[in-house]
Amino acid sequence: MDKLTYEFYSRSSVTAIARELLGKVLVTNLDGMLTSGRIVETEAYNGVVDKASHAWNNRRTNRTEIMYKEAGHAYIYLCYGIHYLFNIVTSKTETPHAVLIRAIEPLTGVEYMIKRKKSSGGGKHLGAGPGNVAKSLGLTTRHTGFSLLEDVIYIADDGFSLKKSQIKTGPRIGVDYAGDDALLPYRFFIKDNPWVSGKK
DNA sequence: CTGACGATTCACT
DNA sequence: GTGAATCGTCAGC
């Protein structure tokens, strides 16, 4: 499997990157447990001009600083005090674009994913929804700043390809506070894939 | 220092 | 469909 490169992540179109991440394989090798899943749903966050982004209006804080760094880093943060959400930093340094991984189809290490979830193991809860993705793969805020160009957390192309007709777009989920920007078609997912989270 | 709240999930009615 | 869980972050004082 070919690992995605800095050239892939550093392009200026965050929406193109989010679309092209569909079908790729997200791999983590943490605590001696190798787990991976095929990406089936993503969302793009378009930096300073996107009200739904943490970096909207060039907001810089300790938390968002990682988004201003170079492409190919992991940005993971705690949401609602309970769930970790996994993002990939893209574009050039000082341009805080990011792609949120919303759902995966589990491939390897499924037994570890069930163990990580402890309660109510198995089923669609393993990969559908951004909180579940991070949970199953063992990702927490500790992993913010990790480089996806190394071997602990990375995304690879295993040759799986999608037809254009299999890729669907829609408005992002859970960002109603962003006004008009909540309507942008920045959510990308694979048509008819059972692992896509389908709330709201 | 304080208080409000979120790129969510799940159990329960 | 509704609401609780739960805590780091951020703005304001």
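Below, read A as the first sequence line, B as the second, and so on, with proteins coming before strands; counting in each chain starts at 1.
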Basic-acidic side-chain contact under 4.0 Å: A/Lys3, A/Glu150: no

Involving DNA chain B, stems made of at least three consecutive Watson-Crick or G-U pairs, both distances under 3.5 Å: B:1-6 with C:7-12, B:8-12 with C:1-5

Selection residues 64-87 of chain A - residue pairs positive for salt bridge (Lys or Arg N to Asp or Glu O under 4.0 Å), sequence neighbours left out: A/Arg60-A/Glu65

Length of the line joining A/Ile66:CD1 and B/dA7:C1', which is rounded to integer Å: 17 Å

Value in whole Å for how far the C1' atom of C/dC10 lies from CH2 of A/Trp56: 14 Å

Any A/Thr61 side-chain N or O less than 4.0 Å from OP1/OP2 of C/dC10: yes

A/Tyr177 ring over B/dG6 six-membered base ring, under 5.5 Å and 30°: no

Whole-Å gap separating P (C/dA11) and CG (A/Asn57): 11 Å

Any A/Lys117 side-chain N or O less than 4.0 Å from OP1/OP2 of B/dC10: yes

Salt-bridge criterion met for A/Arg172 and A/Asp181 (N-O under 4.0 Å): no

Residue A/Cys79, side-chain atoms from C-beta onward, closest of C/dA5, B/dC10, B/dG6: B/dG6

Atom pair distance, as rounded to whole Å: CG in A/Leu78 and P in B/dT9: 13 Å

Short side-chain N/O contact to B/dC10 OP1/OP2 from A/His125, under 4.0 Å: yes

Touch class at under 4.0 angstrom, heavy-atom based, for A/Arg59 against every strand present: sugar-phosphate

Selected nucleotide, minimal atom distance to A/His54 side chain, candidates B/dA7, C/dT9, B/dT9: B/dA7

Separation of atom OH in A/Tyr77 from atom P in C/dC10, rounded to whole Å: 11 Å

Distance below 4.0 Å between A/Asn132 side-chain N/O and B/dC10 OP1 or OP2: yes

Gap between atoms CG and C1', on A/Leu85 and C/dT9 respectively (whole Å): 14 Å

Integer-rounded Å distance: B/dG6 C1' and A/Lys51 NZ: 18 Å

Residue A/Val175, side-chain heavy atoms: nucleotide from B/dA7, B/dT8, C/dC10 that is nearest: B/dA7

Distance, rounded to the nearest Å, where A/Lys135 contributes NZ and B/dC10 contributes C1': 13 Å

Phosphate OP1/OP2 of B/dC5: any A/Tyr80 side-chain N/O under 4.0 Å: no

Side-chain heavy atoms of A/Ile66 within contact of A/Val89, under 4.5 Å: yes

Phosphate contact (B/dA7 OP1 or OP2) by A/Arg102 side-chain N/O below 4.0 Å: no

Salt-bridge present (A/Asp192, A/Lys168; N to O < 4.0 Å): no

Toward the 5' end of DNA chain C, by each residue's nearest nucleotide, A/Thr141 or A/Ile82: A/Ile82

Pairwise side-chain contact, A/His143 with A/Leu30, heavy-atom cut-off 4.5 Å (strictly under): yes

Modelled atom types, side-chain donor and acceptor of A/Tyr75 and A/His54, under 3.5 Å: yes

A/Arg116 and A/Thr35 side chains, donor-acceptor separation under 3.5 Å: yes

Euclidean distance for C1', B/dC5 against C/dG3 (whole angstrom): 16 Å

